[in-house]
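These notes concern the structure reproduced below.
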2 protein chains.
Amino acid sequence: MMAPMALEHAILVSLLEQPGSGYELARRFDRSIGRFWTATHQQIYRVLKRMESDGWVIAEEIGQDGRPDKRAYSVAEAGRAELITWLRDPVQPEAVRHELAVKIRGAAFDDAAGRAALISEVERYRKTHEAVLERYVHGEGRDFPAGTELDAGQRLQHVVLRGGIAYERMLLDWLDDVLDTLRAL
Amino acid sequence: MMAPMALEHAILVSLLEQPGSGYELARRFDRSIGRFWTATHQQIYRVLKRMESDGWVIAEEIGQDGRPDKRAYSVAEAGRAELITWLRDPVQPEAVRHELAVKIRGAAFDDAAGRAALISEVERYRKTHEAVLERYVHGEGRDFPAGTELDAGQRLQHVVLRGGIAYERMLLDWLDDVLDTLRAL
DNA sequence: GGTTGCTATGCAACTAGTTGCATAGCATGA
DNA sequence: TCATGCTATGCAACTAGTTGCATAGCAACC
């Protein structure tokens with residue numbers, strides 16, 4: 001049945017790192033995991049139901065004080081086996097979707113006002129990514145301080161974070177190049 | 001009606017750069033445009049039909065010698081107006097989907113054989129991106145030789161290509177980091 | 001005369017992901 | 001007591017994209 005369905009596998013990895021409820025997963029998908037996979041809470045709940053009925057995960061109702069009850073999920077043996085099979089499949093070539101690049105090439109067909117608007121937009125976009133980089137670098141200093149012994153899982157998390165940092169730095173440099181190019185038109 | 005539907009807009013940009021048939025567009029989406037937006041020929045034909053019935057593009061049947069006839073599309077006024085409106089909308093925050101990063105974090109839950117398989121896979125992945133970078137650099141030398149006068153459209157195409165090159169270089173460096181990390185586990 | 005292969009277009013069924021909405025528990029403060 | 005806001009879960013309708021398949025023109029080669 002082919003290889004896709006990466007959301008399921010991202011959830012398996014996250015639940016293996018730390019079991020949790022759909023709500024907690026949704027919040028992780030807004031932070032750490034969200035760096036390389038995104039999903040809404042609706043989709044997460046839907047997929048968790050399917051994974052539960054496939055026997056990949058096990059749910060446990062947990063009563064809580066001072067807040068609503070929750071269903072905490074953890075990975076079952078079948079889920080772990082599925083993950084390991086998937087890990088050994090080749091990586092799918094990724095579907096590129098870079099809207100900003102489309103807009104930059106599209107700017108050739110807009111007038112001076114449109115190009116000015118695009119410059120503002122690129123500046124705004126750059127600011128949001130500056131903030132993202134700052135957040136990553138801060139997280140790196142907090143979670144992986146120099147000179148600390150790290151286990152395998154932490155070293156793998158760290159190398160993925162370094163990828164995010166490298167990406168954001170590359171992006172900021174390129175956005176400067178874009179701004180120079182747009183201003184020189 | 002919100003802002004998404006970027007495929008339509010990528011097609012508009014491509015047809016403004018150069019009118020052409022669905023087949024020709026599909027080939028461009030395998031090369032230049034494919035650098036920042038992907039689509040299958042089935043989807044392109046489907047979307048072109050919709051764009052035609054919305055009056056964004058105009059089709060012309062062209063009889064050809066030595067090969068089947070084709071329907072050549074060009075952008076209508078309504079399509080150009082739509083593109084310009086879209087260009088001025090804010091860029092949507094992109095949905096990140098980085099399967100390899102999921103697999104790297106997942107490797108913490110696999111055994112030595114699984115990590116060895118991942119190393120091979122990363123090496124293979126690295127080779128394909130080496131080839132991509134080479135292709136980009138070659139294309140840059142061919143299309144944008146140093147010291148040439150470029151018009152606005154070409155300068156914009158060039159800066160987008162530079163982004164692709166910067167991305168691939170960053171990626172190759174990071175993959176080396178990943179390989180070092182995996183081997184040191 | 002048949003096969004292979006590129007050009008050219010498309011339908012149908014499916015999967016994945018988005019958007020809008022709804023419900024409910026419980027705490028805090030006005 | 002009412003409003004606000006966070007925790008927590010979910011349904012329904014929709015849009016976008018994928019996959020598998022089908023058809024046909026025409027050239028070149030065997």
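To find a chain, count down the sequence lines: A is the first, B the second, and so on, and within it residues start at 1. Quick note: numbers below take in every heavy atom, side chains included, and nothing from hydrogens, waters or symmetry partners.
For B:Arg50, taking side-chain heavy atoms from C-beta onward, the closest of the listed nucleotides C:dT9, D:dA8, D:dA16 is D:dA16. Among D:dA8, D:dA13, D:dT19, the nucleotide with an atom closest to any side-chain atom of A:Pro68 is D:dA8. Between C:dC11, D:dG17, D:dG10, one nucleotide has an atom nearer to the side chain of A:Arg71 than all others, and that is D:dG10. Minimum atom distance to the side chain of A:Tyr45 is reached by D:dG10, of the listed D:dA13, D:dT7, D:dG10. Proximity note for B:Gln43 (side chain, C-beta onward) versus C:dG17, C:dT7, D:dA16: the nearest is D:dA16. Distances were taken from every side-chain heavy atom of B:Arg97 (C-beta onward) to each of C:dG17, C:dC21, D:dA8; the shortest belongs to C:dG17. Residue A:Tyr23 has its side chain nearest to D:dT7 when only D:dT7, D:dT18, C:dC11 are considered.
Contact between the side-chain N/O atoms of A:Gln42 and the OP1/OP2 oxygens of D:dG10 is not found at any separation under 4.0 Å. Phosphate proximity of C:dC6 to B:Arg27: absent, as no side-chain N or O sits under 4.0 Å from OP1 or OP2. The shortest distance between the side-chain N/O atoms of A:Arg67 and the OP1/OP2 oxygens of D:dA8 is below 4.0 Å. Taking 4.0 angstrom as the limit, B:Ser21 places a side-chain polar atom (N or O) nearer than this to OP1 or OP2 of C:dT9. Phosphate proximity of C:dT7 to B:Lys70: absent, as no side-chain N or O sits under 4.0 Å from OP1 or OP2.
For the pair A:Arg97 and B:Phe36, the cation-pi criterion (under 6.0 Å, within 45° of the ring axis) is not fulfilled.
In this structure, the CD1 atom of A:Ile44 is 14 Å from the P atom of D:dA8, given to the nearest Å. In this structure, A:Glu52 atom CD and D:dT9 atom P are separated by 12 Å, rounded to whole Å. In this entry the distance linking CG of A:Leu7 with P of D:dT18 reads 16 Å, nearest Å. Straight-line distance from the CD atom of B:Glu61 to the P atom of D:dG25: 15 Å, rounded to whole Å. Rounding to whole angstrom units, CD1 of residue B:Ile62 and C1' of C:dT9 are separated by 15 Å. If you measure from atom CD of B:Glu94 to atom P of C:dT18, you get 13 Å, rounded to the nearest angstrom. One can place CH2 of A:Trp37 at 11 Å from C1' of C:dG17, the figure rounded to the nearest angstrom. At whole-Å resolution of the value, NE2 in A:His9 and C1' in C:dA16 are 14 Å apart.
Contacts of A:Asp69 with the nucleic acid, taken as non-hydrogen atoms under 4.0 Å apart, involve only primed sugar atoms and P, OP1 or OP2. Within the nucleic acid shown, A:Gln64 comes within 4.0 Å of sugar-phosphate atoms alone, with no base atom in reach, counting heavy atoms only.
Both B:Gly66 and B:Thr38 sit near DNA chain D, but only B:Thr38 has its closest nucleotide nearer the 5' end. The residue among B:Arg46 and B:His41 whose nearest nucleotide of DNA chain C is located toward the 5' end is B:His41.
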B:Arg71 vs B:Ser21, side-chain hydrogen bond (donor to acceptor under 3.5 Å, both in side chains): CA-CA, chis, key distance, verdict | CA-CA 5 Å; B:Arg71 287 169 61 79; B:Ser21 67; over 6 Å; no
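Taken from CD in B:Gln43 to CG in B:Leu25, the straight-line distance is 12.5 Å, to the nearest 0.5 Å.
Remark: the A:Thr181 side chain and the B:Arg162 side chain contain an N/O donor-acceptor pair separated by less than 3.5 Å.
A:Arg50 and A:Glu8 are joined by a salt bridge, as a carboxylate oxygen and a charged side-chain nitrogen come within less than 4.0 angstrom of each other.
Each of A:Glu60, A:Glu61, A:Glu24 was compared with A:Lys70 under the salt bridge (Lys or Arg N to Asp or Glu O under 4.0 Å) criterion, and only A:Glu24 meets it.
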